[in-house]
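All values reported here derive from a predicted model rather than from experimental measurement.
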Amino acid sequence: MSVSRRRLITGGAGIALGGALAAACGSNTGRAGSGSDSSGGGPALQQWYHQYGEAGTEQAVQRYAKAFPKADITVQWRPGNYDQQMAAALLTENGPDVFEGDPTLDQILGGQAADLTDLLKGVKDDFNPAVLAPKTHQGKIYGIPQVIDMQMLYYRKSLLADAGVRPPKTLDELIDAARALTTRNVKGLFLGNDGGAGVLGGIPLYAAGLSLVTDDGRVGFDDPQAAKTLGKIHELYARKVLLLGAPSDWSDPSAFTQGLTAMQWSGLWALPQIQKALGDDFGVLPFPADGPGGSPAVPVGAYGSAVNAHGKHVALSKEFVKWLWVEGTADQEDFALSYGFHIPARISLAQKADKLKEGAAADAVRFTTDHGHAQPLLWTTKSSTSYQDALSRIIKDGADPAAQVKSVVATAQAELTRVSAE
């Protein structure tokens, strides 16, 4: 199973770009294969997508493009390092008119991404605010969310019942549950083969009532609670209740379905496979709250559809994006649920989709709406790297959480000061 859309939600915000976000969707590196197709009639437009691992997705986007009556749209299915390809193409005269992806802050400030704010007039509130926020800068929207991917905690109902353990609602309860569920042959919890350093990102901070970046552009975790919460993740590692060295990493549910762990952190994309293997013997939870101001949290991410501000047909490109990703609700639901398992970006579509109305899928929709957090636009690569390195040292090496957090705060604040001055 490839991982392409999933690539979008790991790391920094729990969904950080650069980890492994997209199982049925995309990948740590899983963009491969190429193709193109064009519609008929009207001016010529180029539309780029990264390669998805899900069968049928390429044919679907070609079909959508062909149905647009006002342009002759050529769809390019881009293998390899899509983000680098896109960044380079936008600096030339030959970049695509419409492209999939989230414009970076540099691209927005450099005038490479068109302002799409008007496309959501009257319907903005129907788009999940967590995934719309990273596409927004100074009140202007530069990308229209396509579908949502998210991550959550899966648990085996029968194993918890046999151990007399209730589904954990706090981080302390998660630690106790993992201890109680660990036996000679089964570990209590699987957060990835690195103990959670790669996948959790900023989600423990959000669960503690903190954030990576505040609404007014400051560091959101310069607080003693950050060190307390991250220290508890190390406690899980130190108590040897985490599954490490599994044949497949966190994005694949095999460790969970094969009984190697009683609880596993993974993505929504894994739900159909888990249902097939375990039937009703599982439940799902958000990452549990910690501290006096904490609340449950899940990472969310969504690729957006954006327009090249220097394209030859900007107005027509915007019209196409609105036609497909704002008005085309049938195609939006098809894209989310016919090729893999994802959540439509529009709240109303997510609530009425038959495949998302019951059970764990309905819980996932609720978690996304009530507890979803995406990586902030102002959270730069340098800040993310500093945080991820510190989190790894805390979890695996037992480094002092307070000292590690202090170092990351300094780096992140310097980065926020830099970008705010540009």
Side-chain angles (χ1 to χ4, degrees), residues 1-11 14-15 19-32 52-55 149-163 165 167-168 174 177-178 181-201 203 236-237 240-287 298-299 301 339-342 355 359-361 363-364 367 395-396:
M1 190 159 39
S2 148
V3 183
S4 89
R5 302 186 211 185
R6 175 192 327 153
R7 187 194 63 82
L8 198 58
I9 62 178
T10 56
I15 294 195
L21 182 170
C25 316
S27 104
N28 310 11
T29 55
R31 291 167 166 164
Y52 286 80
E54 299 138 326
D149 274 306
M150 56 87 69
Q151 299 163 14
M152 55 189 172
L153 182 67
Y154 292 86
Y155 66 91
R156 286 285 297 272
K157 293 179 180 178
S158 59
L159 293 182
L160 268 67
D162 290 345
V165 173
L174 179 64
L181 291 164
T182 296
T183 66
R184 182 175 181 179
N185 299 316
V186 179
K187 287 293 187 179
L189 178 62
F190 184 38
L191 297 175
N193 285 326
D194 62 358
V199 66
L200 290 180
I203 284 301
L236 283 164
Y237 186 91
K240 301 185 184 303
V241 299
L242 295 179
L243 175 64
L244 303 172
S248 298
D249 214 340
W250 65 270
S251 62
D252 187 315
S254 298
F256 185 65
T257 59
Q258 293 173 8
L260 301 180
T261 181
M263 299 183 289
Q264 177 174 335
W265 187 260
S266 192
L268 176 64
W269 55 83
L271 195 152
Q273 187 176 344
I274 291 173
Q275 283 182 321
K276 183 178 180 180
L278 302 179
D280 295 330
D281 187 23
F282 76 97
V284 293
L285 295 167
F287 192 89
V298 295
Y339 321 98
F341 203 71
H342 317 279
K355 292 182 180 181
D363 290 337
F367 298 161
I395 294 175
K396 300 173 70 175

Steps toward side chain to side chain contact (heavy atoms under 4.5 Å, CB included) verdict (Leu271, Lys355): CA-CA 11 Å; Leu271 195 152; Lys355 292 182 180 181; over 6 Å; no
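Gln264 contributes a side-chain N or O that, together with a main-chain N or O of Trp250, makes up a donor-acceptor pair within less than 3.5 Å. Counting only distance, with no hydrogens or angles, the side chain of Tyr154 and the backbone of Gly267 share a donor-acceptor pair below 3.5 Å. In this structure, Asn193 contributes its side chain and Leu244 its backbone to no donor-acceptor pair below 3.5 Å. A distance-only check finds a donor-acceptor pair linking the side chain of Trp269 to the backbone of Ser251 [under 3.5 Å].
Considering CG of Leu191 and CE of Met263, their distance stands at 8.5 Å, rounded to 0.5 Å. Rounded to the nearest 0.5 Å, atoms CG (Leu278) and CD (Gln258) are 10.5 Å apart. Here Ile274 contributes atom CD1 and Arg156 contributes atom CZ; the two are 10.0 Å apart, rounded to the nearest 0.5 Å. Phe341 contributes atom CZ, which lies 5.5 Å from atom CG of Leu268 (distance to the nearest 0.5 angstrom). The CG atom of Leu243 lies 12.0 Å from the CZ atom of Phe256; values are rounded to the nearest 0.5 Å. To the nearest 0.5 Å, the span separating NZ on Lys240 from NZ on Lys187 amounts to 7.5 Å.
Using a 4.5 Å heavy-atom threshold, the side chains of Val165 and Tyr155 count as separate. With contacts defined as side-chain heavy-atom distances shorter than 4.5 Å, the pair Asp249/Phe190 qualifies. Residues Lys157 and Pro167 form no side-chain contact, since every pair of their non-hydrogen atoms from C-beta on lies 4.5 Å or further apart. You'll find the side chain of Leu153 reaches within 4.5 Å of the side chain of Leu189, heavy atoms only. The shortest distance between side-chain heavy atoms of Leu181 and Val186 does not fall below 4.5 Å.
Ala360 and Phe282 make their closest contact through CB-CE1, 3.7 Å (heavy atoms, listed as atom of the first residue, atom of the second, distance). Pairing each heavy atom of Asp149 with each of His342, the nearest pair is OD1-ND1, 2.7 Å. Closest heavy-atom contact between Ile203 and Phe287: CG2-CB, 3.6 Å. Of all the heavy atoms in Ile395 and Gly196, the pair that sits closest is CD1-C, 4.0 Å. Nearest approach of Ala364 to Met150, heavy atoms of both residues: O-CE, 3.8 Å.
Residues meeting the side-chain hydrogen bond (donor to acceptor under 3.5 Å, both in side chains) test with Ser158, sequence neighbours left out: Asp281.
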